[in-house]
Peer 1: 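Take a look at the following structure, please.
Heavy atoms only: backbone and side chains are in, while hydrogens, waters and symmetry mates are out.
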Amino acid sequence: MQPEDIKQMIETGLPGARVSVTGDGHHFEAEVVAREFTGKGMLQRHQIVYGTLGGKMGNEIHALSLRTLAPEE
């Protein structure tokens, strides 16, 4: 799993989101800006992102640090 793979999965699940991902193949950091986050708390935002990654979380993706923002933030 590479950062670009994760970026594509998040962008597919959240069309129109701005996504940047860095990482070493096991541990990753992502910043996601998406309109879907408006009015939602941090836990809900993270759950939305994890949903785009499906079963990859905890398997191919061992650790993912997230920064999630609504466009107006």
Side-chain angles (χ1 to χ4, degrees):
M1 186 67 52
Q2 295 301 312
E4 187 59 32
D5 300 322
I6 295 171
K7 181 179 188 291
Q8 285 183 314
M9 291 170 55
I10 295 171
E11 289 174 340
T12 298
L14 294 170
R18 290 185 314 225
V19 182
S20 64
V21 180
T22 59
D24 63 9
H26 297 285
H27 301 90
F28 301 92
E29 293 183 14
E31 180 174 288
V32 183
V33 180
R35 65 183 177 278
E36 288 84 355
F37 298 153
T38 300
K40 295 193 171 48
M42 185 179 68
L43 180 60
Q44 290 174 309
R45 292 176 181 195
H46 288 197
Q47 289 172 333
I48 291 168
V49 174
Y50 294 150
T52 68
L53 301 172
K56 305 259 186 235
M57 278 304 305
N59 292 307
E60 290 97 327
I61 303 169
H62 299 285
L64 176 63
S65 173
L66 289 173
R67 180 167 186 219
T68 53
L69 303 163
E72 62 274 5
E73 295 178 321

Peer 1: Write down the atom of V19, the atom of K7, and the distance for their closest heavy-atom approach.
Peer 2: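 What the structure gives for the nearest pair is O-CE, 3.1 Å.
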
Peer 1: Do T68 and I48 have side chains that approach each other closer than 4.5 Å (heavy atoms only, starting at C-beta)?
Peer 2: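 Sidechains of I48 and T68: no contact.
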
Peer 1: Under the rule for salt bridge (Lys or Arg N to Asp or Glu O under 4.0 Å), what residues qualify as partners of E36, not counting sequence neighbours?
Peer 2: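 With sequence neighbours excluded, E36 shows a salt bridge (Lys or Arg N to Asp or Glu O under 4.0 Å) to no residue whatsoever.
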
Peer 1: Quick one: list whatever passes side chain to side chain contact (heavy atoms under 4.5 Å, CB included) with D24, sequence neighbours left out.
Peer 2: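 Only H26, H27 meet the side chain to side chain contact (heavy atoms under 4.5 Å, CB included) criterion with D24.
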
Peer 1: So which atom in A34 and which in A17 form the shortest heavy-atom distance, rounded to 0.1 Å?
Peer 2: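 Where A34 meets A17 most closely, the heavy atoms are CB-CB, 3.9 Å.
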
Peer 1: Output yes when a side-chain donor or acceptor of Q44 lies under 3.5 Å from a complementary backbone atom of G41, and no otherwise.
Peer 2: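 Between the backbone of G41 and the side chain of Q44 there is a qualifying donor-acceptor contact (under 3.5 Å).
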
Peer 1: Please enumerate all residues that pass side-chain hydrogen bond (donor to acceptor under 3.5 Å, both in side chains) together with E31, with sequence neighbours excluded.
Peer 2: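 Only R67 meet the side-chain hydrogen bond (donor to acceptor under 3.5 Å, both in side chains) criterion with E31.
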
Peer 1: Please list, chain by chain and in numerical order, all residues satisfying salt bridge (Lys or Arg N to Asp or Glu O under 4.0 Å) with E60, sequence neighbours excluded.
Peer 2: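 Only K56 meet the salt bridge (Lys or Arg N to Asp or Glu O under 4.0 Å) criterion with E60.
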
Peer 1: Is there a chain of hydrophobic side chains (I, L, V, M, F, W, Y, each step under 4.5 Å between heavy atoms) that links V33 to L14?
Peer 2: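 No.
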
Peer 1: Any non-hydrogen side-chain atom of I10 less than 4.5 Å from a side-chain atom of T12?
Peer 2: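 Result no, sub-4.5 Å side-chain heavy-atom pair not found.
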
Peer 1: Evaluate the side chain to side chain contact (heavy atoms under 4.5 Å, CB included) criterion for residues L64 and L53: first the C-alpha distance (whole Å), next the side-chain angles of each, then the deciding distance (0.1 Å), finally the verdict.
Peer 2: CA-CA 11 Å; L64 176 63; L53 301 172; 3.5 Å; yes

Peer 1: Could you tell me which residues satisfy side-chain hydrogen bond (donor to acceptor under 3.5 Å, both in side chains) with S65, sequence neighbours excluded, listed by chain and number?
Peer 2: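 Once residues adjacent in sequence are excluded, S65 has no partner under the side-chain hydrogen bond (donor to acceptor under 3.5 Å, both in side chains) criterion.
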
Peer 1: Check whether any side-chain heavy atom of M1 sits under 4.5 Å from a side-chain heavy atom of F28, and report yes or no.
Peer 2: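 When only atoms from C-beta onward are counted, F28 and M1 do touch, with a gap below 4.5 Å.
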
Peer 1: Roughly how far, to the nearest 0.5 Å, is the CD atom of E11 from the CZ atom of R18?
Peer 2: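 Those atoms lie 11.5 Å apart.
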
Peer 1: Does E73 form a salt bridge (Lys or Arg N to Asp or Glu O under 4.0 Å) with R45? I'd like the steps, not just the answer.
Peer 2: CA-CA 13 Å; E73 295 178 321; R45 292 176 181 195; 2.8 Å; yes

Peer 1: Please examine the side chains of E29 and V21, heavy atoms only from C-beta on, and report whether any two atoms are closer than 4.5 Å.
Peer 2: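 No, their side chains stay 4.5 Å or more apart.
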
Peer 1: What is the distance from atom CE of M42 to atom CD of Q47, rounded to the nearest 0.5 Å?
Peer 2: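 The CD atom of Q47 is 10.5 Å from CE of M42, to the nearest 0.5 Å.
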
Peer 1: Taking ILVMFWY side chains as joined if any heavy atoms are under 4.5 angstrom apart, and letting links pass through other members, which residues group with L43?
Peer 2: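 Traced through the cluster, L43 reaches no other member.
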
